[in-house]
Number of protein chains: 2
Amino acid sequence: MTDSAGEAPSAPSSDNALTRKLARLAPLGDADRLALEGLEHSAEWIAPGARIMAEGEPPTAIRPLLEGIACGHKDFRDGRRQIIALLLPGDICGGHGRLRAPMDHGVRALTRARVASIPADGFAAILERHPAIAEALHKAALVDQAILRAWIVNLGQRDAHERMAHLFCELAHRMEAGGLQRDDSGFRLPLTQQELGSALGLTSVHVNRVVKRLRTETLIDLDHGVLRIHDLPRLEVLADFDPAYLSN
Amino acid sequence: MTDSAGEAPSAPSSDNALTRKLARLAPLGDADRLALEGLEHSAEWIAPGARIMAEGEPPTAIRPLLEGIACGHKDFRDGRRQIIALLLPGDICGGHGRLRAPMDHGVRALTRARVASIPADGFAAILERHPAIAEALHKAALVDQAILRAWIVNLGQRDAHERMAHLFCELAHRMEAGGLQRDDSGFRLPLTQQELGSALGLTSVHVNRVVKRLRTETLIDLDHGVLRIHDLPRLEVLADFDPAYLSN
DNA sequence: CGGTTGATTGAGGCTGCTCAAAAGGTGTGG
DNA sequence: CCACACCTTTTGAGCAGCCTCAATCAACCG
């Protein structure tokens, strides 16, 4: 919605989050970077809680997240909901490109978020003219696969405590890798316990009890949408966390 | 291992499973098809139960599955195991290409399987010279993502019966789409109940009870590694199955 | 035929769910 | 500034789906 203040006249003429992420995956030339920066024009601000992509929506545009946090989710008719992914700046929200199939899940902003929008045909042209970008996006899809696999393992094999710990470890590492706020003061994680439950396959009631215990054990703190990890190493042991899958 | 008989002097000069799958994802020219057929040379037979890719293995080659069934899995030190994917002919077993990161999971043959092997550098050359193949592989990765997401939803939100039903529905549809045996006589699914449990996040004991009930309700039959679906529509209702995510 | 692996069944227990209610926070309007 | 509504967090009590432990049975194999 808003567009008002804040957001500064931009950092040191810096690249946006998408460019930074793709550059980590494949060497980008100046022309590639320029093409990516051009996408800024299409960016719009989305209000916290607002929908970014609807399930069933045709992929007429690909939509990279430039700032903020979003989540992908699949809703059941009966009210059940599974959160499928947490998206950080640089991640692609939807219309991943080239596929004709409609979105198999929805995407919602968790914070105020800035999202670009590249029409599918313009996007095809970019991929053709910039093979390095195509390569980087392909690799990004493969890294996303690894994240999805880790999520499966989490849901399938770990109990509630390990599960939550693992999710928090993953987020800490991804935020750090993305150069996002990861001072020891914690980071923004604007999920209600209800939503955290939807991500972990747990009830909000049980989430509350698990958070309480992790807090008691001085591993974490979670208040007003701010997650503070007090002892990452110990949390990683609890979660049996191995960050290898997050690297390229 | 063996290489003996069977497998005929090849079907009507037909394409292999990989070519067929990629052709469904992007229009392939004759040169593209030729390049893909060339991979046949590198194909080798793998014994049922044998390892195709080890977790931690560097991705020195990409390995498409040409015939047979395989599964991706992640093992814990303490014996827990999560099966992450069931791979059908045309699927990529590992070394998905271009990424430097070592395999985050292992891959095992479930039946006797034929697997090609393309050295990473030769593969890079193919992608460069055949953008249509690169495009198809990118799309394949996106479809695989959708399958992984469905797997997450399955583990996170459904109870044991729905879960198993959903897995069987997915397999039926994927086999059909791949042109594999899907006569009403059922198809080969050489998973022990133990392994089925590893896929579904359940104990073998519980798997047994769930199978028993699905059998009693005349929905399916599962014997000696052959799954027979008696009433797919009813199974899909039970699983709340929507095949949309499997299409391109 | 013994040995091994997988399917099946029983009994009991625990994790995580359901139902329910109270308490804390926040925004709105009077 | 209080009253009220609404949402989220927190806590309690009871229940059940799935697990654990354990034993029996069935199939396959050298």
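Protein chains get the first letters and strands the later ones, always in sequence-line order, with residue 1 at the start of each.
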Measure from [atom1] on [X] to [atom2] on [N] and round the result to the nearest Å.
{"X": "B/His206", "N": "C/dT8", "atom1": "NE2", "atom2": "P", "answer": "15 Å"}
{"X": "B/Met164", "N": "D/dC18", "atom1": "CE", "atom2": "P", "answer": "10 Å"}
{"X": "B/Leu222", "N": "C/dA7", "atom1": "CG", "atom2": "C1'", "answer": "11 Å"}
{"X": "A/Leu200", "N": "C/dT15", "atom1": "CG", "atom2": "C1'", "answer": "15 Å"}
{"X": "B/Gln157", "N": "D/dC18", "atom1": "CD", "atom2": "P", "answer": "13 Å"}
{"X": "B/Leu191", "N": "C/dA7", "atom1": "CG", "atom2": "C1'", "answer": "15 Å"}
{"X": "B/Glu162", "N": "D/dC18", "atom1": "CD", "atom2": "C1'", "answer": "14 Å"}
{"X": "B/His161", "N": "D/dA16", "atom1": "NE2", "atom2": "P", "answer": "15 Å"}

When all nucleic acid strands are considered with a 4.0 Å heavy-atom cut-off, which category describes [X]: base, sugar-phosphate, or nothing?
{"X": "B/Gly201", "result": "sugar-phosphate"}
{"X": "B/Val205", "result": "base"}
{"X": "A/Arg158", "result": "nothing"}
{"X": "A/Thr192", "result": "sugar-phosphate"}

Side-chain N or O of [X] closer than 4.0 Å to phosphate OP1/OP2 of [N]:
{"X": "B/Thr203", "N": "D/dT20", "answer": "yes"}
{"X": "B/Asn208", "N": "C/dT8", "answer": "yes"}
{"X": "A/Lys212", "N": "D/dT11", "answer": "yes"}
{"X": "B/Arg80", "N": "D/dC19", "answer": "no"}
{"X": "A/Gln193", "N": "D/dT10", "answer": "yes"}
{"X": "B/Arg215", "N": "C/dT8", "answer": "yes"}

B/His166 and B/Tyr245 aromatic ring geometry - parallel, tilted or perpendicular at 30°/60° bounds: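 Ring orientation, 0 to 90° scale: parallel.
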Ignoring hydrogens and angles, state whether a donor on the side chain of [X] or [Y] is under 3.5 Å from an acceptor on the partner side chain.
{"X": "A/His206", "Y": "A/Asn208", "result": "no"}
{"X": "B/His230", "Y": "B/Glu217", "result": "no"}
{"X": "B/Gln145", "Y": "A/Gln145", "result": "no"}
{"X": "B/Thr218", "Y": "B/Arg234", "result": "yes"}

Donor-acceptor pair under 3.5 Å, A/Arg209 side chain vs D/dG12 base: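 Answer is yes: a donor-acceptor pair is held.
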Residue closer to the 5' end of DNA chain C, A/Ala160 versus A/His224 (nearest nucleotide):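 Between the two, 5'-proximity favours A/Ala160.
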